[in-house]
Every structure is written in C-alpha cells, then in structure tokens.
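Just so it is clear: chains get the letters A, B, ... in the order the sequence lines come, proteins before strands, and each one is counted from 1.
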Amino acid sequence: MRIFNSMTRQKEALTPLEPNHFKIYVCGPTVYDYFHIGNARPFVVYDTLRRYLLWLGYEVTYVQNFTDIDDKVIQRAQAEGITTAELAERMIKEYYHDADSLNIMRADIHPRATESIDDIIALISTLMDKGFAYTAEDGVYFSIEQDPNYGRLSGRNIDDLMEGASERTSYSDDKRHPFDFVLWKFKREGEPYWPSPWGEGRPGWHIECSAMGMAHLGETIDLHCGGVDLTFPHHENEIAQSECATGKTFVRYWMHNGFVNIDQRKMSKSLGNFFTVRELSKHYPYDVIRFFILQAHYRMPINFSDELLDAAVASWQRINSSIDLLTFSAKAAPETAPGEDETLFEEAVTRYLAEWQDAMDDDLNTADALAAIFELVRAANTAVASGRVSKKALLNARDALIGRLDVLGLKPRTDQKAAIPQRILDLVDERTEAKKNRDFARADAIRDEVLTNGYKIEDTPQGARVIPVDA
RNA sequence: GGCACCAUAGCCAAGUGGUAAGGCAGAGGUCUGCAAAACCUCUAUUCUCCGGUUCAAAUCCGGAUGGUGCCUCCA
C-alpha cells in the first residue's frame, strides 16, 4: 500500500517499523460538545485505513485520545455550572454514541489527557533537563530556537513565521520567542490543576498527544493522523517536543485529511457554520453520512449540502438494492450454470475486486474503490437479470460485495432490517393470487395498502419481492 | 505579507505522460397488466485561461485568473 506522507509530500510505500504491526495515533476530539461533520471526517477516514490494514492481515494498535482538559472544556463547564470532569464524561459518552453509529471501531486505547498527567510531566521534565524548555511567568514553554528542525512538517522556517506573525502576534509576554509554545500552564483561579515540579497547573495542548502517543505506542509511531489544520502548529510542535526529548523520529508517516466545507468555506465552530453529526443524523442516516465522506478522496476538500446528501442517499440505495436482489434471486437461481454468462460474470467480479484493492492501495482512494463497487453492482444486476448465472456465483458475488463494504465500514441495510411481518407476507400472497386472476384493481389496491404499511412490492421473474421502504 | 492547496459535464467526483472511471439528476428504449427495480443507449472532441517541453499532456514546466486553507481556538 502507498500513502501520501505529509512530511515528504509524496506517496510512499507503507511499511510498519515492527514486522506486520502498525501503530497508529489519531488526534481525537476535545470533549466539550458534540462533534460536527468536519470532525467526523478524520474519524471515519482513519477508521477505514485501520480496517483496510486489518483486512490486509496486519496487526494494528490504534490510539485515539480525548482532550478532556483545555480552555474550551473549562469555559463550557463553567457556563453549565458543572465540573470539567462531569462535562468530559458526558461528552465522551455522546462521542461514543455518534462514533458507534457511524460504525467507527473503538480505538484499542482511548487515553485521556487528565489520566496521562504523569506521562506528560515526565516528558516535560526530560525537555527541561535537556535544555529545550524553560519556565516563564505563566507556564513552562518549549523553546523552538533550540530545535534546528523546527518547521520541517509545515514547510516553514522561523523567519517565515516571524513575517506572518509581525502583524498579528503580540510580543508582550515573557516568552523568549513569540512562537515558543506552552507545555504546562500554571493554574488560574477557579480552574482544575495538578501538581508538578514547576508548580500547580495543567498540560498545554500539544504535549498531551506526544506524551500519550509515546506512552502507548513507543517513541517512534508508524502513522499519525489528523485534519490539515493540525499540521501547524499542533503537529509541528508535537514533532519538536517529541524528537528533542528522545532524539528519535517521532512519526514515520503523517497523514492529513482535507476539510469539510459549507458553501466553499471551511466548516468550523468558530465560523458557526457547522452541523453536528447528532443533528444531521435526524435528517440523514449515519450510514449515508459515512458513505458520503468516503465518496471523495480523503485529502480533497468536500463540500457539504442537503443536495449532495440526497444524492448520496440514492447512490447508497443502489448498492443496497443490488445486495437484496442478489439474495432474493439466488433462491431461485440454478445450482449450476455452465454457460458463458457464468464465466463472464465470475471474471468481472474478480476484475472489479482487484480494482477495488488497487484503489485502496493507492493512498486509500475510497472514491475509486466505491467506483469499483458500483461496477460490481452493475455486473451483478445484469447477472441476476440474465437468469443464467448459478446460485453459487450470485452468492459469492454478494458476499464479496458485503465483505468489501465492511472494510469501508459500510453495513448493508439488509443486516439492519427487521423481518417482514407475516401480515404483510400474507397480503403479498393475496396480491399474487389476484394478479393470477387478472384482478389488477385488487392487486394494485393491495400494493398500495402494503406501501402504506411501509413496504414496497416489486415483481421479478422469480416472483414478488417485498422490501421495507427506508425512512 | 509569508507558506500551502484546489480548479474535470447540470451537480458530485476519480484519473499525475498514451488519448476522459463511477455516482446523482435528465432524455429515449427494453422488461411489466400498470408500476417499481433492473438493464441498454444518449448527455465533457475535452479537463479555468495563455505559453512551453514531448511522437504524445487533464496529467510535466512557466505564467495568468479565480477560490480555499494555515501563520499560537480548530479535524
């Protein structure tokens, strides 16, 4: 598999440091609110990466943190009159609700900043000992001038930063350099704090990811993933503090996903143009949201609108419909089918599955992978219509389809459907009888009645087929 | 101001040197008692524009235009 490494800005062969075992760290949510669709993208994308690596036979250790202490958590907790721990606990529960619904696998480890204070303090101590950190009035800072490699990931040097900063950065505090960043914030009135060798306080934002990543995955991590907006300063700072502490490469492959936009503008909480996944799920099912995200390559920006979601509903329906059709028609399909249709179909299935894998291998191109899925769908629908393809071939195709969708974290609707009530099945039989007697008025009336009850009847060469109408 | 990214049909979106995937929407047809679903055909002589390299460019190089992002809240 090849992956675009943000550090080198090119696609590279992806290999684990430790044989057959990938160690992945994904920047997780700050738990002060429900997460929005823009936050959901990395969770879905890297979950898909994880599933694919597992499918390829690798062992994967997947870590995704919860930032449960920072300014926003404190602010929100104060506004609600509860403790930060209470707020975090609640929002983590809500995170799991949405993430589980999006079929995002739980990480092997979900470390929390407040439970990793010892690791954080140990890391800062090392940086202090080695002369990369210093104490200022309001906290402990990392000195970027001590790091000759600073700026490598984001492609900027300290001079570039100064130029950008000249109009926006205040030089008023007592940091040695305006871009020095805080490792440990000394406590302020009314805020939670922990003891440390430098005084009571709480961790800075960047340090927690380094500390938790290294604590659970070792000093060198295979993959570190997150949104492009984290490239600078968050990931840049993580590299600086981690590598200065250990002298080793912190991360071998950096992956950054593109934004979710609204009206061509970045979706963000500060712009106020966001939809939480929870809110959106009231209008569109979770599987459609996931499908929508995977329809584009992960590094491209995606725009977001009802029209695009509606199109995704229809596309996803096409796939589900084909799976249902395969299951249904396999029942009446011949046991063996020695003809050309059978051979051509099996060849087509093999070809499209190969295309699917090629796409996934090429920098997790889920858009292309889904195109292969659609090709497979068309071949399957054609095979079904021909009636000259064996039961075995149809079921093999169906299972392959379901299997590949599962790697994408997409569950076919069939699996989620309840059994069709006997009452409905009786009506369908009654309609078939009416049709046989050419009593079409009666047949149509029954079809309408069934539809009113939430089920659709479709006539096929193999007989009438009943499917629930999706809400 | 500095550093990046993006521009492909009505809409969405793959494609990084060999002659434009896939989905949605639309039109026509087949099947059907009628539907639905499905299938077939059609819908970009062309990839924002202008130069250049090459036998060959949506793909590489240079420039222009438009849009977006980052530059100590951010996925």
Side-chain angles (χ1 to χ4, degrees), chain A residues 9 11 26-30 35-43 45-46 70-72 75 151 154-157 159-170 175 178-182 204-206 225-234 236-237 256-261 264-271 291-292 295-297 299-303 305 307-308 310-319 321-322 324-325 355 359 362 365-375 377-378 380-382 384-386 435 438-441 443-444 447 451 456-461 465 467:
Chain A
R9 285 178 212 185
K11 288 183 193 172
V26 177
C27 284
T30 300
F35 64 88
H36 62 65
I37 179 83
N39 302 121
R41 170 122 95 147
F43 304 152
V45 163
Y46 304 119
D70 89 325
D71 292 348
K72 283 173 297 191
Q75 204 180 346
S154 54
R156 26 192 122 192
N157 55 48
D159 292 339
D160 289 341
L161 289 170
M162 290 312 292
E163 272 191 74
S166 56
E167 294 168 18
R168 337 183 8 152
T169 304
S170 101
K175 288 191 286 186
F179 285 88
D180 286 352
F181 55 91
V182 69
W205 175 40
H206 312 297
C225 316
V228 274
D229 50 349
L230 297 183
T231 308
F232 189 90
H234 185 52
E236 195 68 72
N237 291 350
H256 291 100
N257 59 277
F259 289 131
V260 175
N261 294 330
Q264 317 297 334
R265 298 288 312 275
K266 172 184 175 179
M267 175 186 294
S268 79
K269 290 192 174 169
S270 37
L271 288 174
F291 178 87
F292 174 75
Q295 259 187 312
H297 181 82
R299 282 191 285 119
M300 293 293 112
I302 48 178
N303 220 344
S305 71
E307 290 69 30
L308 299 175
D310 288 340
V313 167
S315 302
W316 178 225
Q317 184 52 43
R318 177 171 164 79
I319 293 172
S321 168
S322 181
D324 285 347
L325 205 58
E355 283 179 13
D362 183 14
N365 195 334
T366 54
D368 242 3
L370 281 169
I373 294 281
F374 279 108
E375 300 268 23
V377 161
R378 179 151 37 75
N381 289 341
T382 303
V384 165
S386 83
K435 275 183 60 180
R438 303 194 66 79
D439 182 358
F440 297 123
D444 290 350
R447 185 166 61 196
L451 187 61
K456 201 164 62 171
I457 298 178
E458 292 180 358
D459 291 328
T460 77
R465 170 172 166 247
I467 48 175

With a 4.0 Å cut-off on heavy atoms, is [X] in touch with a base, just the backbone sugar-phosphate, or nothing at all?
X	answer
A:Gly155	sugar-phosphate
A:Ala311	sugar-phosphate
A:Arg156	base
A:Glu375	sugar-phosphate
A:Val26	nothing
A:Phe43	nothing

Quick one: does [X]'s side chain get under 4.5 Å of [Y]'s, heavy atoms only?
X	Y	value
A:Arg465	A:Leu325	yes
A:Thr382	A:Arg378	yes
A:Asn303	A:Gln264	yes

Does A:Trp205 make a side-chain N or O approach to OP1 or OP2 of B:C74 shorter than 4.0 Å?
yes

Distance test, side-chain N/O of A:Lys266 to OP1/OP2 of B:C70, below 4.0 Å:
yes

For [X] and [N], what is the distance between atoms [atom1] and [atom2] respectively, to the nearest whole Å?
X	N	atom1	atom2	answer
A:Asn257	B:C70	CG	P	14 Å
A:Glu236	B:C71	CD	P	13 Å
A:Asn237	B:C71	CG	C1'	12 Å
A:Phe232	B:C70	CZ	P	13 Å
A:Asn39	B:A75	CG	P	5 Å
A:His234	B:C73	NE2	P	13 Å
A:Asn261	B:C70	CG	P	10 Å
A:His256	B:C70	NE2	P	14 Å

If you compare all heavy atoms of [X] against all heavy atoms of [Y], which two are closest, and at what distance to 0.1 Å?
X	Y	result
A:Lys266	A:Asp229	NZ-OD2, 3.6 Å
A:Ala296	A:Thr366	O-OG1, 3.5 Å
A:Ser322	A:Ala380	OG-CB, 4.1 Å
A:Phe232	A:Ser154	CD1-OG, 3.3 Å
A:Gly151	A:Glu236	N-OE2, 3.0 Å
A:Gly227	A:His256	O-CD2, 3.4 Å

Between [N] and [M], how far apart are the two [atom1] atoms, rounded to whole Å?
N	M	atom1	answer
B:G28	B:G67	P	39 Å
B:U48	B:U65	C1'	8 Å
B:C71	B:C12	C1'	32 Å
B:G10	B:A27	C1'	13 Å
B:C73	B:G62	P	34 Å
B:C24	B:G51	P	39 Å
B:U19	B:A56	C1'	8 Å
B:G63	B:C42	C1'	39 Å

Per-nucleotide protein contact along nucleotides 25-38 of chain B, 5' to 3', at a 4.0 Å heavy-atom cut-off (B base, S sugar-phosphate only, - neither), is --------BBBBSS

Going 5' to 3' along nucleotides 11-18 of chain B, which nucleotides have protein heavy atoms under 4.0 Å from the base (write B), which only from the sugar-phosphate (write S), and which from neither (write -)?
SSSSS---

Output all residues satisfying side-chain hydrogen bond (donor to acceptor under 3.5 Å, both in side chains) with A:Asp362, sequence neighbours left out; order by chain, then residue number.
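A:Asp362: side-chain hydrogen bond (donor to acceptor under 3.5 Å, both in side chains) contacts with A:Lys11.
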
Residues A:Ile302, A:Gln295; criterion side chain to side chain contact (heavy atoms under 4.5 Å, CB included); working and verdict:
CA-CA 9 Å; A:Ile302 48 178; A:Gln295 259 187 312; over 6 Å; no

Could you provide the dot-bracket string of RNA chain B, using ( ) for intrastrand pairs, [ ] for crossing pairs and | for bases paired to another strand, with Watson-Crick or G-U pairs below 3.5 Å?
(((((((..(((.....[...))).(((((.......))))).....(((((..]....))))))))))))....

Please list, chain by chain and in numerical order, all residues satisfying ring-ring contact (aromatic ring centres under 6.0 Å, His included) with A:Phe35, sequence neighbours excluded.
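Residues passing ring-ring contact (aromatic ring centres under 6.0 Å, His included) with A:Phe35: A:Phe43, A:Tyr95.
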
A:Leu230 meets the side chain to side chain contact (heavy atoms under 4.5 Å, CB included) criterion, sequence neighbours left out, with A:Cys27, A:Trp205, A:His234, A:His235

